[in-house]
Amino acid sequence: MILPIQFQPIPRTANTAKISNNMSGIRPSGRNTTTWACVHGNTVVGEVTIWWGHTTGDAAWACNNWVAACLRGCTAVNAMYI
């Protein structure tokens, strides 16, 4: 029996550049990452760092699946622009 995985927000620690939450638990180090602000309404409610896609849509998916405060209603903005 396969149980569904519940993603948790990625904690902001010094290790987030090397270890992130994904389906296998650890992403390979050495890949390029982008950091995105998760926006609900007009409020930044969290942040995600992704290592795939690097598009607004991919970041929004990560926000809505990893940041509980999004309540599946977040958009993503590249953190460089905030």
Side-chain angles (χ1 to χ4, degrees):
M1 173 182 216
I2 298 174
L3 298 175
I5 297 170
Q6 181 177 4
F7 290 101
Q8 298 297 319
I10 299 171
R12 285 205 42 93
T13 68
N15 294 332
T16 56
K18 293 185 180 178
I19 299 174
S20 296
N21 189 3
N22 71 10
M23 292 182 83
S24 65
I26 299 175
R27 75 165 177 85
S29 62
R31 291 189 182 176
N32 293 330
T33 61
T34 51
T35 300
W36 301 77
C38 302
V39 180
H40 192 273
N42 290 324
T43 305
V44 175
V45 295
E47 188 176 88
V48 294
T49 299
I50 60 173
W51 57 95
W52 77 96
H54 307 290
T55 67
T56 304
D58 294 319
W61 180 92
C63 286
N64 287 310
N65 285 277
W66 295 347
V67 178
C70 282
L71 303 171
R72 305 242 176 207
C74 278
T75 57
V77 177
N78 193 305
M80 286 181 18
Y81 302 110
I82 291 188

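This is a predicted model, so every value here is computed, not measured.
- The CZ atom of Arg72 sits 4.5 Å away from the CG atom of Asn65 when rounded to the nearest 0.5 Å.
- Applying the side chain to side chain donor-acceptor pair (under 3.5 Å) criterion to Thr75, with sequence neighbours excluded, gives no partner residue.
- Remark: Asn64 engages no residue in a side chain to side chain donor-acceptor pair (under 3.5 Å) (not counting sequence neighbours).
- Taking the side chain to side chain donor-acceptor pair (under 3.5 Å) definition, one finds that Thr56 meets it with nothing, sequence neighbours left out.
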Below 3.5 Å, can you tabulate the donor-acceptor pairs from side chains in residues 39-46 to any protein atom, sequence neighbours excluded?
residue, atom, partner, partner atom, Å
His40, NE2, Cys70, O, 3.4

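- Applying the side chain to side chain contact (heavy atoms under 4.5 Å, CB included) rule to Ala62 yields the partners Val48, Ile50, Trp52, Trp66; only residues at least two apart in sequence or on another chain are considered.
- In terms of heavy-atom proximity, Trp36 sits nearest to Thr34 at NE1-OG1, 2.8 Å.
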Given Cys38 and Cys74, is the disulfide bond (SG atoms under 2.5 Å apart) satisfied, shown in steps? CA-CA 6 Å; Cys38 302; Cys74 278; 5.4 Å; no

